[in-house]
Amino acid sequence: ETLLEALEDNSMQLQNLMGSKYVQGNSTFLEVVQDWQRKLGMVDVTLNAWKEVQSKWSNLQSIFVGSADIRVQLPEESKRFDVV
């Protein structure tokens, strides 16, 4: 959570910089700020995808590891899960 809060804080700081007359009036600064916005946007997308994968993994793990009955009913899927 701390990482997500830092990401959000930094994104907000960049938004504030974008509105600054010093950034708007200087194409070099504007380019740097926009570059950082793109970078932080990609970090945000990546972290959200990672959280989704972790959530799905956790759900699948409880199904395939915690239930012998499921392993018997879905032997091929269980083997594939074990490999991953």
Side-chain angles (χ1 to χ4, degrees):
E1 291 297 314
T2 303
L3 181 62
L4 295 175
E5 289 172 9
L7 179 64
E8 186 176 329
D9 288 344
N10 289 327
S11 294
M12 291 296 292
Q13 288 176 356
L14 285 172
Q15 280 293 83
N16 290 336
L17 281 173
M18 282 296 289
S20 166
K21 65 182 178 182
Y22 302 108
V23 171
Q24 290 297 323
N26 185 320
S27 62
T28 303
F29 287 161
L30 181 61
E31 189 176 314
V32 170
V33 171
Q34 288 172 337
D35 185 48
W36 274 106
Q37 282 183 316
R38 282 189 294 276
K39 289 176 183 177
L40 289 183
M42 287 303 299
V43 170
D44 185 48
V45 168
T46 303
L47 288 175
N48 285 324
W50 184 249
K51 283 174 38 179
E52 185 178 337
V53 167
Q54 283 182 320
S55 175
K56 288 180 180 182
W57 176 264
S58 179
N59 292 338
L60 288 172
Q61 189 176 27
S62 66
I63 291 169
F64 286 107
V65 174
S67 176
D69 186 42
I70 295 292
R71 294 185 72 79
V72 170
Q73 291 178 21
L74 302 169
E76 291 300 315
E77 289 81 358
S78 295
K79 288 177 188 174
R80 282 191 359 216
F81 186 81
D82 290 340
V83 170
V84 175

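Along the sequence shown, residues are numbered consecutively beginning with 1.
Residues L14 and Q34 fail the side-chain proximity criterion, which asks for heavy atoms closer than 4.5 Å.
Taking hydrophobic clusters as Ile, Leu, Val, Met, Phe, Trp and Tyr residues chained together by side-chain heavy-atom distances below 4.5 Å, I70 shares a cluster with V84.
Under the salt bridge (Lys or Arg N to Asp or Glu O under 4.0 Å) criterion, no residue pair touches residues 3-30, with sequence neighbours excluded. Sequence neighbours left out, the pairs with a member in residues 13-63 that pass ring pair (Phe, Tyr, Trp, His ring centres under 6.0 Å) are W57-F81. The stretch residues 22-34 participates, sequence neighbours left out, in no salt bridge (Lys or Arg N to Asp or Glu O under 4.0 Å) pair at all.
In this view, L47 and L3, L4, L7, V43 satisfy the side chain to side chain contact (heavy atoms under 4.5 Å, CB included) rule, not counting sequence neighbours. When the salt bridge (Lys or Arg N to Asp or Glu O under 4.0 Å) test is applied to K39, the partners found at least two apart in sequence or on another chain are D35.
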Donor-acceptor pairs under 3.5 angstrom involving side-chain atoms of residues 71-78: please list them, not counting sequence neighbours.
unit_1 : atom_1 : unit_2 : atom_2 : d
R71    : NH1    : F64    : O      : 3.0
R71    : NH1    : D82    : OD1    : 3.4
R71    : NH2    : D82    : OD1    : 3.2
R71    : NH2    : D82    : OD2    : 2.4
Q73    : NE2    : D69    : OD1    : 3.3
Q73    : NE2    : D69    : OD2    : 2.9
S78    : OG     : L74    : O      : 2.8

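Looking only at distances, a side-chain donor or acceptor of T46 sits under 3.5 Å from a matching main-chain atom of M42. Panel note: side chain Q24, backbone G19; no donor-acceptor pair is recorded below 3.5 Å.
Note: D44 CG to Q37 CD = 12.5 Å, rounded to the nearest 0.5 Å.
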